[in-house]
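To keep things clear, I will list the structure first and then write my remarks on it.
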Amino acid sequence: MSHSLSPVELIRRKRDGEILSDDTIQGFIQAYTAGEVPDYQMSAFLMAVFLKGMTVEETRALTLAMLHSGAVIDFSDIPGFKVDKHSTGGVGDKTSLVLAPVVAAAGVAVPMISGRGLGHTGGTLDKLESIPGFRTDLTLDDFRRLVSTIGVGLIGQTPEIAPADKKLYALRDVTGTVESLPLITASIMSKKLAEGIDALVLDVKCGNGAFMKTFPNAQALADSLKATGEAMGKRVTALITDMNQPLGWAVGNALEVIEAQQVIRGELLTGRFAELSIDLSAHMILLGGVTDTLEAAREKVLETIRSGAALEKWKEIIAAQGGDPACAENDAKLPTATKEAVVVAASDGFVTHIETEAVGMAGVVLGAGRLTLDSVIDPSVGFKIEVELGAEVKKGDALVRIAFNRDQTLPEVKARLERAFTIGLEKPGE
Ligand code: URA
C-alpha cells in the first residue's frame, strides 16, 4: 500500500516528479510529527517538493495532514458563518484591528489567530499588546468563549494548533525551502483552517515590502491558497493589494493602534489604509452572508462605523481580553514615545520610490519590531509617514517623523530612512 512507502522511497518518488497519494502524504506527516521521521529525511523531502512542486490535490492532502496534526476548533454550535482574514504581511498593515470589531459588529463571528512581527513585517499580536493590559496568550477554551459571547476573539498561536507546521517551518527556515508555493500554502491554510472558520478573505501583499515582490508571484500564491481552501469546502476570496509603500501613516505598534482607532471611530475614512480596511471588512461580511452584494456590504461597514457600533465592539473586545477600554476613545492612554526626530527631503521633487522593506527594517532597529521571536519590542516607538508615493515635496519637507526613546539607535534609523525614500524630478507614472 502506498502509505507504507519507506521515507527514502517517498523522497525518491517526489525527487523524480511523481505525484504522491493522499495516504502517503498523510502517513509521512503523521510519522514526522510523532518524531518517527528524522529531520534529515524531512529536509530532503522539503527540497524535493521545493524543486518539483505539488499538484492542487497533493497540496490539499499536505494541508489536511498538517491541519490534523493538532486541534481543529469546532464552532458549529455558534450560528452563522465564521470568517477570518489572512494577510501575507507587510509594513504598517493594521487592517485586522479594524476588521475584527467592524465585522463582528455587523453580525459575523471572527475567530482570529494571529502572529507576531518578524523581520521587516509587523504582527497583529504585538499591536494589540501595546494596549495596556491586553492579553493574547489565551487558551483555546478562552478563545471559544470569546467567539461565542462577543463574536470575536484575537489570540496567538497555541501549541495545539498545527504542531506539524511549527516543526516544518523551523526546518524550512534553515534548509532554503521557505519560498515554495505548496509549502507556503499548506503552512498558512493549515493554521487558518484550524480556527474553525467557514470562509476566509486573503490579502496577498505584492510589492517591495511584501513576501511576494512581483504580481505574477502574488497571483500564483493567491490562486494556490484559494484553490486549497475551496478544495476543503471553504468560501475563499483572495485580493492582491499593494505593498510598494507602507500602508497608512503609522508604522510601529501603539501608533498603528491609533491609526486603526481613527478608522473605527469614523475619523479616517479615506486613503489607502481606511479604504483597504473597508474593502476587506466588506468582503468578510459578504462571505458571512449578511448581505447579497459587495456594495451592500460596504454600506454595512460604514453603518457600523458611523453608528458607533464598531467602536462599542472594539471597547468590548479590549475589556474582554483584559485591556483598558478607555484607550479606544483616548489615544493618550496608549504608550507614547518621549522624543521626536524628523527625516526631511534633501531636494525638491517627487517621491518616486519607497523601499518599504527598508522602512520596516529601520523600525526593527528602532525597537518597533523584532529580529528573532524573543527580541523585546518597545510598543511606543515608530514612524509617522508624512508622504505617499508620487507626492511633491520641497527640500526640507518632512518625509517621516520618528517617535523614539533611546538616542543610541537614532543615527542608524535616520540613515536607513534617508536611503529608503527616493526623491526624483519626474512625477511617477507620467
Ligand atoms: N506564512 C506562513 O505562515 N507560512 C509560510 O510558509 C509563509 C508565510
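When a ligand or atom number is given, it counts from 1 through the structure's own listing order. The first residue in the sequence is number 1, and the count goes up from there. Just so it is clear, the values below take in all heavy atoms, side chains as well, and ignore hydrogens, waters and symmetry mates.
Scored by the salt bridge (charged side-chain N to carboxylate O under 4.0 Å, His left out) test, K384 finds E340 as partners (sequence neighbours excluded).
Residues E160 and T158 have side chains that bring a donor and an acceptor to within less than 3.5 angstrom of each other. Judged purely by distance below 3.5 Å, without hydrogens or angles, the side chains of T95 and D93 pair a donor atom with an acceptor atom.
Sorted by chain and number, the residues within 4.0 Å of ligand 1 by heavy atom are Y169, R172, I184, S187, I188, K191, F211.
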Side-chain donor/acceptor pairs under 3.5 Å, residues 35-43, sequence neighbours excluded:
{"from": "D39", "atom 1": "OD1", "to": "Y32", "atom 2": "OH", "distance (Å)": "2.8"}
{"from": "S43", "atom 1": "OG", "to": "D39", "atom 2": "O", "distance (Å)": "2.7"}

Could you pull out all donor-acceptor pairs under 3.5 Å where a side-chain atom in residues 131-147 meets a protein atom, sequence neighbours excluded?
{"from": "R135", "atom 1": "NE", "to": "D137", "atom 2": "OD1", "distance (Å)": "3.0"}
{"from": "R135", "atom 1": "NH2", "to": "D137", "atom 2": "OD1", "distance (Å)": "3.2"}
{"from": "T136", "atom 1": "OG1", "to": "E129", "atom 2": "OE2", "distance (Å)": "2.5"}
{"from": "T139", "atom 1": "OG1", "to": "D141", "atom 2": "N", "distance (Å)": "3.4"}
{"from": "T139", "atom 1": "OG1", "to": "D142", "atom 2": "N", "distance (Å)": "3.1"}
{"from": "T139", "atom 1": "OG1", "to": "D142", "atom 2": "OD2", "distance (Å)": "3.1"}
{"from": "D142", "atom 1": "OD2", "to": "T139", "atom 2": "N", "distance (Å)": "3.1"}
{"from": "R144", "atom 1": "NH2", "to": "D74", "atom 2": "O", "distance (Å)": "2.0"}

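Around atom CG of D292, no more than 12 heavy atoms belonging to other residues, nucleotides or ligands sit under 6.0 Å away.
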